Amino acid sequence: QVQLVESGGGLVQAGGSLRLSCAASGRTFSSYVLGWFRQAPGKERVFVGVVNFSGGNTYYTDSVKGRFTISRDYAKNMVYLQMNSLKPEDTAVYYCVARIAGEVYVAPSAYPYWGQGTQVTVSS
């Protein structure tokens, strides 16, 4: 069982940066793949990226490659999403997610643990 709580969302101008944080708790935390999804108004939830259980490998959707960076801190039980060069199309509710370590999947159904979400709004 894992609980996830996101923070750090807000309003930012296009080209700016934000860092989202996810506090994780529960047993077997170190054995989980952790990452992020997002959902824009009227759209489905889509994959953003993940970091594997060792923290050494990351995977991103094409639209955020080179702009977003995911990292994790085992000592603090935290996962981060650093977002740079933000665009209006990045506006969405961002969710921290977790699953048992293994293959990387982009489908929301593959991730049984979700945070409550945090709003990110990028203005032009």
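Computed from a prediction, not measured in an experiment: that's the story for all the values here.
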Can you confirm whether Q119 sits close enough to L11 that some side-chain heavy atom of one is under 4.5 Å from a side-chain heavy atom of the other?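 When only atoms from C-beta onward are counted, L11 and Q119 do not touch, as no gap falls below 4.5 Å.
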
Residue pair T69 / Y60, side-chain heavy-atom distance below 4.5 Å: yes

Supply the atom-to-atom distance [X] [atom1] to [Y] [atom2], rounded to the nearest 0.5 angstrom.
X    : Y   : atom1 : atom2 : answer
L34  : L81 : CG    : CG    : 12.5 Å
M78  : C22 : CE    : SG    : 7.0 Å
S124 : K87 : OG    : NZ    : 14.0 Å
L86  : R67 : CG    : CZ    : 6.5 Å

Checking side-chain contact (heavy atoms from CB on, under 4.5 Å) against R72, which of N77, N52, V33, V51 comes through?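 Filter result, single survivor: V51.
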
Can you give the donor-acceptor pairs under 3.5 Å from side chains of residues 37-44 to other protein atoms, not counting sequence neighbours?
residue : atom : partner : partner atom : Å
R38     : NH1  : D90     : OD1          : 2.9
R38     : NH1  : Y94     : OH           : 2.9
Q39     : OE1  : R45     : NE           : 3.0
Q39     : NE2  : K43     : O            : 3.0

What pairs of residues pass the salt bridge (charged side-chain N to carboxylate O under 4.0 Å, His left out) test when at least one of them lies in residues 106-122, not counting sequence neighbours?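 Of all non-adjacent pairs touching residues 106-122, none passes salt bridge (charged side-chain N to carboxylate O under 4.0 Å, His left out).
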
Exercise: identify the closest heavy-atom pair between [X] and [Y]:
X    : Y    : result
W114 : P108 : CZ2-O, 3.5 Å
L20  : V120 : CD2-CG2, 4.0 Å
T118 : G9   : OG1-N, 3.2 Å
L4   : A24  : CD2-CB, 3.7 Å

Working note: T61 + F68, criterion side chain to side chain contact (heavy atoms under 4.5 Å, CB included); need CA distance, chi angles, decisive distance, verdict. CA-CA 10 Å; T61 191; F68 290 11; over 6 Å; no

Q82 atom CD, over 12 foreign heavy atoms within 6.0 Å: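 It does: Q82 CD has more than 12 such atoms within range.
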
Over 12 foreign heavy atoms within 6.0 Å of CD, E89: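 Count over threshold, so yes.
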
Side chain to side chain contact (heavy atoms under 4.5 Å, CB included), that's the test. Do W36 and E6 meet it? Break it down for me. CA-CA 10 Å; W36 299 85; E6 305 97 330; 3.8 Å; yes

Are V79 and I100 linked, directly or through other ILVMFWY residues, by side chains that come within less than 4.5 angstrom of each other?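 Result: yes, single cluster for both.
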
Should V46 and V106 be regarded as members of a common hydrophobic cluster, given that ILVMFWY residues are connected when their side-chain heavy atoms come within less than 4.5 Å of each other, either directly or indirectly? no

Check whether any side-chain N or O of Y111 sits under 3.5 Å from a backbone N or O of Y105 as a donor-acceptor pair, and report yes or no.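 Side chain of Y111 to backbone of Y105, a donor-acceptor pair under 3.5 Å: yes, one is there.
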
